[in-house]
Amino acid sequence: MKPSRSDDSASISGRPEETDSTDGPQARRSRPKRARSGRRPGDSGTREQILEAALHLFADRGYARTTIRAIAENAGVDPALVHHFFSNKEGVFDAAVNSPLSVSTAFDGMPFAEDVTSEAAWLAHTYFSFWENEKTRYAMTAIYRAGLADSVTSDMLRSRIEASTKAWTSSTGYKDIEDSEARAALASGHIIGLAILRYVLQVQPLCDMSYAEFLDWVVPALDLRLSINLEPRGQGGPAAD
């Protein structure tokens, strides 16, 4: 784990980071202490408030340009409270990818709905509903933008995706299918890639499709990824048509 302060970058608000204009130990001792602006550390609501503020900043500005000070300012609390709850910026992101705002947690222990026609349809509807919902779309955008920012956050995001993929596989009858984990990983890559294209990069024509039309295209392709009839082609296999 990196040191508890991992965001020494300049403030993204356009103002330089605050520095002491006087030199020497005596000057520092004589400076009056600032009163804390945040709530008590024990207030559970403050943690969610900070996490939501951080996710908005990650979505708007990216991970690297978001500082602890900016998160605290956006949440209306003292920076000390951010450190109290999350230790550092990496801790904030780790909490984000494991929060209810992250779609990956939706697959942990969630049973397959019997009224859905297929595993692919259930998976697509569950996953993309988070992106379609304005209340959670910003969190999803933040998680993926920040998760691809550097090696530390990408490790956290990768671990979360792997865990949620295994959770989904084990919570459905799909777990009994041969090579189920490999097939589920291929399905994850398919829907995550489409989400980035449609919602983050807004690639045409995907971003302009209605939600129903988008799913009409997604589900059949996802069915193929999960199909037991899809087998890996060996080096000596037949050539593609």
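A quick note: this is a predicted structure, and the numbers were derived from the prediction, not measured.
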ask   = Charged N to carboxylate O below 4.0 Å: is that the case for Arg198 and Glu132?
value = yes

inquiry  = Checking Glu162 now: which residues fulfil salt bridge (charged side-chain N to carboxylate O under 4.0 Å, His left out) with it, not counting sequence neighbours?
reply    = Arg158

task = Please name the pair of heavy atoms, one in Pro220 and one in Leu215, separated by the smallest distance, quoted to 0.1 Å.
result = CD-O, 4.1 Å

note = Interatomic distance, OH@Tyr199 vs OG1@Thr141, rounded to 0.5 Å, equals 10.0 Å

request  = Could you pull out the closest heavy-atom pair between His190 and Leu222, with the gap in Å?
outcome  = CD2-CD1, 3.9 Å

ask   = When rounded to the nearest 0.5 angstrom, what is the spacing between OH in Tyr211 and NE2 in His125?
value = 6.0 Å

key: Heavy-atom side-chain contact between Glu181 and Thr165 under 4.5 Å   = no

task = Treating Ile, Leu, Val, Met, Phe, Trp and Tyr as nodes and any side-chain heavy-atom pair under 4.5 angstrom as an edge, say whether Val218 and Ile196 lie in one connected cluster.
result = yes

request  = Could you tell me whether the side chain of Gln49 and the main chain of Ala75 form a donor-acceptor pair under 3.5 Å?
outcome  = yes

ask   = Should Arg225 and Arg183 count as side-chain neighbours, where that means a heavy-atom distance under 4.5 Å?
value = no

ask   = Which atom names give the shortest non-hydrogen contact between Ala187 and Leu123, and what distance separates them?
value = CB-CD2, 4.2 Å

ask   = Is there side-chain contact between Trp217 and Leu194, with at least one heavy-atom pair below 4.5 Å?
value = no

task = Ignoring hydrogens and angles, tell me if any N or O in the side chain of Arg145 forms a donor-acceptor pair with the backbone of Ala59 under 3.5 Å.
result = yes

query = Should the pair Tyr138 and His56 be assigned to parallel (<30°), tilted (30 to 60°) or perpendicular (>60°) ring geometry?
reply = parallel

ask   = Can you find a heavy atom in the side chain of Lys89 that is under 4.5 Å from one in the side chain of Thr67?
value = no

ask   = Got a second to check how far Asn74's CG is from Leu55's CG, nearest 0.5 Å?
value = 10.5 Å

query = Does Val152 belong to the same Ile/Leu/Val/Met/Phe/Trp/Tyr cluster as Val92, with side-chain heavy atoms less than 4.5 Å apart forming each link?
reply = yes

key: Straight-line distance of Leu148 CG to Thr153 OG1, nearest 0.5 Å   = 7.5 Å

query = Atom CD1 of Ile143 and atom CE of Met156: how far apart are they, to the nearest 0.5 Å?
reply = 12.5 Å

note = When every non-hydrogen atom of Gly62 is compared with those of Thr66, the smallest separation belongs to O-OG1, 2.7 Å

query = Taking C-beta and beyond as the side chain, do Ile192 and Tyr127 meet within less than 4.5 Å on heavy atoms?
reply = yes

query = In Å and rounded to the nearest 0.5 Å, what is the OG1 to CG distance from Thr46 to Leu51?
reply = 12.5 Å

ask   = Are the side chain of Lys166 and the backbone of Ile161 linked by a donor-acceptor contact shorter than 3.5 Å?
value = no

query = Side chains of Trp131 and Val200: does their closest heavy-atom pair fall under 4.5 Å?
reply = yes

query = With a 4.5 Å heavy-atom cut-off, do Met140 and Phe128 have their side chains touching?
reply = no

Under 3.5 Å donor-acceptor, Asp78 side chain and Leu81 backbone = no

request  = Apply side chain to side chain contact (heavy atoms under 4.5 Å, CB included) to the pair Tyr63 and Glu90, showing each step before the final yes or no.
outcome  = CA-CA 9 Å; Tyr63 181 82; Glu90 294 162 11; 3.2 Å; yes

task = Locate the shortest heavy-atom distance separating Ala72 from Val82; write the atom from each residue and the value.
result = CB-CG2, 3.9 Å

query = What do you reckon, is CD of Glu134 surrounded by more than 12 foreign heavy atoms closer than 6.0 Å?
reply = no

note = Closest non-hydrogen atoms of Ala142 and Phe93, given as atom of the first, atom of the second and distance, are O-CE1, 4.5 Å

